[in-house]
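Below is one structure, written out as C-alpha cells; the observations come after it.
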Amino acid sequence: MTPLVDGFGRVHRDLRIAVTDRCNFRCTYCMPAEGMVWQPREEILTFEEIERVARLLVERHGVDAIRLTGGEPTLRAHLPVLVAKLAHLGVDLAMTTNGVNLRHLAHDLKAAGLRRVNISCDSLQRERFAAMTRRDDLDRVLEGIDAALEAGFDPVKVNMVVIRGVNDDEVVDFARFGRERGVEVRFIEFMPLDAEEGWRSDAVVSYDEIVERITAVFPAEPLARGSAPAAGFAYRDGKGRFGVVASVTRSFCDSCDRIRLTADGQFRNCLFATDETDLRALLRSGADDDALDAAITTSVAAKWAGHGIETVHFVRPARSMSQIGG
Ligand code: SAM
Ligand code: SF4
C-alpha cells in the first residue's frame, strides 16, 4: 500500500465521485436558471468504470472514504447498485444530496450499504427556498431529512450555504432546527464556484460571524479538528453539534485529503483545480491498472499548496460546482 502523497506531504484518502452532472434543482449559487447542457450518456462513466477507479484507489493507496455527489446523485438510475459495489470495498461511504428523492430512496440506499448522508437545504422558508433553488420543493426536502433519519443514517447532516442578504438571517433558525430534529447542520461559506459568476467577497458570511451568531443564542464549545473540513462545535447543553465549512476565510488546504472524479471521468486533485486528468480516455483505451495508477499519482504529486481565493492570482475553474460535485 502506497499512500497518495503530494509535494507538500499531504496524504489523500477521501475520494469524491460525481455520479451525474444532471440536477433537478437550479440553485442560484450553483447553476444557471436555464441552458444547462447535460453530458451525453456515453460520456458518463459506467458503474463498472467507477468501481474500477475506486477499487484501485482503495487497494493500492488506502483511500478509506468515498462520497457520492453530483449534480444530483439520486438522479442516477439504479444508484443502490453502485452503492452496493462501493460498499464492498469497505470504505466509509457517504452521499451529498438535495434530498428531494430520499423519501423514495433512503431505505434502499441504506440497505445497499450507504453509511452517511448530507442533505443540502438553504432555507426553512418556503418562498425563499423556492427562490434559491428555483424549485418549490422545501416540503419534499424536509420529508427527505425525516426519511434519512427513519432509515437509520447516523449522522444525518444538513448543509446550508450561507449568503449575505439572501439567507444569513436564518443561521440561528437552522441551528435550532438541527437541535430539534437531531441533525448536525454544517454552515458553508459561499464559494466562487457559482455558474453565473455572481460571487462577491462581501456575500460571504465568515466563519467568525456564523459562530458568533449561533453561540450567542446556543453556547457551544469547539471540538478538536482532524482533516475534516468542517470545524465542529458541541452545544454546551448536550443537544448535538454543528459545523462550519470555512473554505474562504479559513481555508483548510493545509490538511486537505480530498481527490475527485467527475461524472465524465476526469480526475481532479482539488475542487478549484484548473486542469484535470482524463481517466475515461485511459479506461476506454484498454489501459491497465499501472497506467491508471501512474496518471493518478502524477496528478496528486502536482497538487498546489492551496486555492488562494483571497489572492489576485485566483483563477476560477472552468466547471461550476454542479459539474465538480462540491
Ligand atoms: N446536488 C447535491 C446537493 O445539492 O447536495 C450534490 C451536489 S452539490 C454541488 C454539493 C454541495 O455543494 C451542496 O451542499 C451545495 O450546497 C454546495 N455548493 C454548491 N455551490 C456552492 C457554492 N457556490 N458555494 C458553497 N457551496 C456550494
Ligand atoms: Fe443541484 Fe446541488 Fe447544485 Fe443545487 S447545489 S443546483 S441541488 S447540484
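All values below come from the heavy atoms of this structure, side chains included, with hydrogens, waters and symmetry mates left out. In each ligand, atom 1 is the first atom listed, and ligand 1 is the first ligand listed. Along the sequence shown, the residues carry numbers beginning at 1.
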Short list, please: which atoms of ligand 2 are under 4.0 Å from a heavy atom of Asn98? 7 (S)
If we ignore angles and hydrogens, is there a donor and acceptor under 3.5 Å between the side chains of [X] and [Y]?
X      : Y      : result
Glu72  : Asn24  : no
Asn118 : Asn159 : yes
His61  : Asp293 : yes
Glu170 : Ser123 : yes

Looking at ligand 1, is there an atom of it that comes within less than 4.0 Å of some heavy atom belonging to Glu189? yes
Below 4.0 Å from ligand 1: does a non-hydrogen atom of Gly71 turn up there or not? yes
With nothing but distance in play, are any N or O atoms of Ser120 less than 3.5 Å from an N or O of ligand 1? yes
Just distances here: any N/O of Met191 and N/O of ligand 1 closer than 3.5 Å? yes
Please give me the minimum heavy-atom distance between Asp169 and Val166, naming the atom from each residue. OD1-O, 4.4 Å
Measure Cys27 to ligand 2 on non-hydrogen atoms and call it side chain, backbone, both or neither using the 4.0 Å cut-off. both
Part of Thr97 with heavy atoms under 4.0 Å of ligand 1, whether side chain, backbone, both or neither: backbone
Part of Asn159 with heavy atoms under 4.0 Å of ligand 1, whether side chain, backbone, both or neither: side chain
Is the cationic atom of Arg179 (NZ for Lys, CZ for Arg) positioned less than 6.0 Å from the six-membered ring centroid of Tyr235 and within 45 degrees of its normal? yes
For atom 3 (Fe) of ligand 2, does an N/O/S atom of Cys23 lie at less than 2.8 Å? no
